[in-house]
Amino acid sequence: MRSTRAVIYLDNLRNNIQSIRRAVKPGTRMCVTVKANAYGHGAVTVAKTVLACGVEYLAVATVDEGRELRDGGITAPVLLFSLCTPEEAADVVACGLTPFVTDEAYCALFEQAAAAAGVTCTVHLAVDTGMGRIGCMPDQAADVAAYIQKCSHLKLGGMCTHFAFADNVQQEGRQYTERQIAAFTHAVESVRNAGIDPGIRHCSSSAALLEYPDMQLDMVRPGIIVYGYYPDEVDAAYLAAAGRPLDIRPVMAFETRVVAVRHFEPGASVSYGRTWTADMPTDIAVLPAGYADGLLRRCSPGLQVAVNGSAYPVRGRICMDQCMVDIGNGNSRVKRWDKAVIFGPRESGALQTADDIARSTGTISYEILTGISRRVPRVYVGELPV
């Protein structure tokens with residue numbers, strides 16, 4: 001197996017699910033987001049693991065992601081968050097996915113596909129309360145719900161919305177989220193007043209389920225906290241200060257190995273563009289990980305890599321398939337074939353997390369995790385799900 005790999009600590013994943021469950025009101029269902037290859041962690045294995053922990057629903061962004069779960073033997077309900085093309089509607093029905101619907105014309109795609117297959121397709125009505133991506137307007141919800149009810153092969157299984165600013169704990173963020181809550185509540189009530197059962201009501205992803213417990217409703221949709229990271233301002237320190245600590249642990253370690261150690265004299269340069277030149281004798285360790293693996297080019301300079309408990313800086317530009325690390329002159333603690341850990345939980349030997357890298361590069365942990373490419377093997381530590 002290739003030395004550059006993503007090591008997935010399944011015990012940490014199980015711990016996170018248990019911690020989230022303790023933060024959720026009894027009787028509230030949980031839908032774990034496994035889109036983008038389970039945030040880079042491996043969709044099928046993650047899905048099977050969380051389902052074995054009692055999770056009831058899964059969620060994906062694309063039809064192909066849903067098909068991957070079905071091909072992997074997963075039969076649990078799978079929500080389809082993003083909109084698909086007319087050509088994909090039959091696949092949605094064939095895979096038994098639950099699409100988010102937004103308007104009558106879009107509903108008609110699934111009515112036609114379900115009628116052709118001779119089955120009933122469960123849909124969830126998405127309401128745009130301020131995210132601005134998909135969904136009907138709140139005052140249109142009752143009309144769209146009525147259209148769904150008239151369709152012979154559609155069933156309204158739920159209503160949902162998505163918060164845009166719930167991870168901001170300042171007054172501006174709270175006020176915006178409260179307006180979204182009011183708009184969604186109005187939409188649900190309008191459907192009820194039309195004599196239609198809204199089904200499962202859900203609107204809370206990671207930040208909202210922690211910050212707005214009254215809006216956990218019938219189901220919550222945790223994402224980033226499943227994988228051991230906090231949503232922006234709703235972080236470990238904030239939750240601890242609020243008396244609501246959440247014990248979550250990073251699930252992925254991104255690691256590689258030292259494949260060469262090369263000596264450099266002053267004046268010798270490393271990598272494209274000669275952005276770094278040695279000003280004293282030193283040794284450079286070569287690592288077979290680059291931006292095609294998800295180690296972002298913009299991480300250089302500044303990135304530190306852990307080898308045998310010490311941090312060493314990347315020198316020169318990160319290449320597509322390799323990067324170079326300065327280990328100092330005559331460092332006997334770093335040898336060829338030693339493990340080098342870029343980020344991960346402490347037990348992996350990492351000295352930083354995906355959050356640390358995200359902060360240093362002006363992005364978020366989500367991008368770091370999902371950026372680990374498919375060519376990087378996923379290796380699972382801990383008991384595998386059946």
Side-chain angles (χ1 to χ4, degrees), residues 1-13 16 32-50 59-62 64-65 68-69 72 206 223-231 248-259 286-300 302-307 314 317-325 339-382 384:
M1 181 181 289
R2 188 178 172 216
S3 58
T4 299
R5 59 186 66 186
V7 179
I8 311 302
Y9 290 79
L10 293 177
D11 286 346
N12 288 4
L13 176 62
N16 297 346
V32 166
T33 306
V34 294
K35 63 181 180 177
N37 197 29
Y39 287 42
H41 294 68
V44 172
T45 301
V46 166
K48 289 181 176 180
T49 301
V50 301
V60 298
T62 71
D64 284 346
E65 289 176 345
E68 180 185 8
L69 297 181
S206 294
I224 194 64
I225 56 177
V226 170
Y227 305 103
Y229 290 91
Y230 296 90
I248 55 174
R249 305 164 189 173
V251 176
M252 178 195 293
F254 185 31
E255 65 179 47
T256 186
R257 295 172 74 181
V258 175
V259 294
V286 180
L287 310 180
Y291 58 77
D293 302 302
L295 186 58
L296 303 176
R297 190 172 184 265
R298 65 175 178 270
C299 288
S300 53
L303 180 68
Q304 303 266 332
V305 175
V307 184
V314 168
R317 288 177 176 157
I318 293 172
C319 307
M320 183 181 292
D321 314 298
Q322 300 176 80
C323 66
M324 285 62 69
V325 174
K339 182 173 76 170
V341 189
I342 297 159
F343 67 79
R346 285 287 181 181
E347 59 263 39
S348 70
L351 297 176
Q352 63 190 350
T353 67
D355 241 355
D356 296 323
I357 295 177
R359 281 192 292 268
S360 69
T361 55
T363 186
I364 54 178
S365 58
Y366 307 67
E367 184 180 21
I368 302 300
L369 296 172
T370 60
I372 305 304
S373 71
R374 287 272 187 172
R375 82 175 190 178
V376 176
R378 270 62 177 176
V379 178
Y380 296 93
V381 175
L384 287 167

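At distances below 3.5 Å, not a single donor-acceptor pair connects side-chain atoms of Lys35 with backbone N or O atoms of Gly223. In terms of modelled atom types and a separation under 3.5 Å, the side chain of Gln352 and the main chain of Ile342 share a donor-acceptor contact.
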**Request:** Check the pair Ile364 / Tyr229 against side chain to side chain contact (heavy atoms under 4.5 Å, CB included), numbers first and verdict last.
**Result:** CA-CA 10 Å; Ile364 54 178; Tyr229 290 91; over 6 Å; no

**Request:** Please report the C-alpha distance between Leu295 and Cys323 in whole Å, then the side-chain angles of each, then the deciding distance to 0.1 Å, and finally whether the side chain to side chain contact (heavy atoms under 4.5 Å, CB included) criterion is met.
**Result:** CA-CA 9 Å; Leu295 186 58; Cys323 66; 3.7 Å; yes

**Request:** Mind running side chain to side chain contact (heavy atoms under 4.5 Å, CB included) on Leu287 and Val258 for me, showing each step along the way?
**Result:** CA-CA 5 Å; Leu287 310 180; Val258 175; 3.8 Å; yes

**Message:** I'd like to know whether Leu296 forms a side chain to side chain contact (heavy atoms under 4.5 Å, CB included) with Ile318, so could you lay out the CA-CA distance, the side-chain angles of the two residues, the decisive distance to 0.1 Å, and finally the verdict.
**Reply:** CA-CA 7 Å; Leu296 303 176; Ile318 293 172; over 6 Å; no

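The two atoms that bring Leu10 and Gly382 nearest to each other are CD1-O, 4.2 Å, heavy atoms only. Residue Val307 comes nearest to Ala340 through the heavy atom pair CG2-CB, 3.8 Å, listed as atom of the first residue, atom of the second, then distance. Closest approach of Thr370 to Ala36, counting heavy atoms only: CG2-CB, 4.0 Å. Residue Tyr9 comes nearest to Ala253 through the heavy atom pair CE1-CB, 3.9 Å, listed as atom of the first residue, atom of the second, then distance. When every heavy atom of Ser365 is checked against every heavy atom of Asp355, the shortest pair comes out as CB-OD1, 3.5 Å. Taking all atoms of both residues into account, the shortest heavy-atom contact from Ala43 to Glu68 is CB-OE1, 4.2 Å.
Ring planes of Tyr39 and Tyr227: parallel class, angle under 30° (limits at 30 and 60°).
Taking CZ of Arg378 as the start and CE of Met252 as the end, the distance is 5.5 Å to the nearest 0.5 Å. From Thr361, atom OG1 reaches atom CG of Leu303 across 9.0 Å, with rounding to the nearest 0.5 Å. Taking OG1 of Thr4 as the reference point, atom CG of Asp321 lies at 9.5 Å (rounded to 0.5 Å). Separating the CZ atom in Arg249 from the CG atom in Leu13 is a distance of 12.0 Å, to the nearest 0.5 Å. In this structure, Thr353 OG1 and Arg359 CZ are separated by 6.0 Å, a value rounded to the nearest 0.5 Å. Separation of atoms CG (Asn37) and CD (Glu65) is listed at 8.0 Å; rounding is to 0.5 Å.
Within the 4.5 Å cutoff, side-chain heavy atoms of Leu69 are placed close to those of Val60. Within the 4.5 Å cutoff, no side-chain heavy atoms of Val251 are placed close to those of Leu369. Between Arg2 and Val376 the shortest side-chain heavy-atom distance falls below 4.5 Å.
The side-chain contact (heavy atoms from CB on, under 4.5 Å) test with Ser206 is passed by exactly one of Thr33, Ile248, Val226, Ile225: Ile225.
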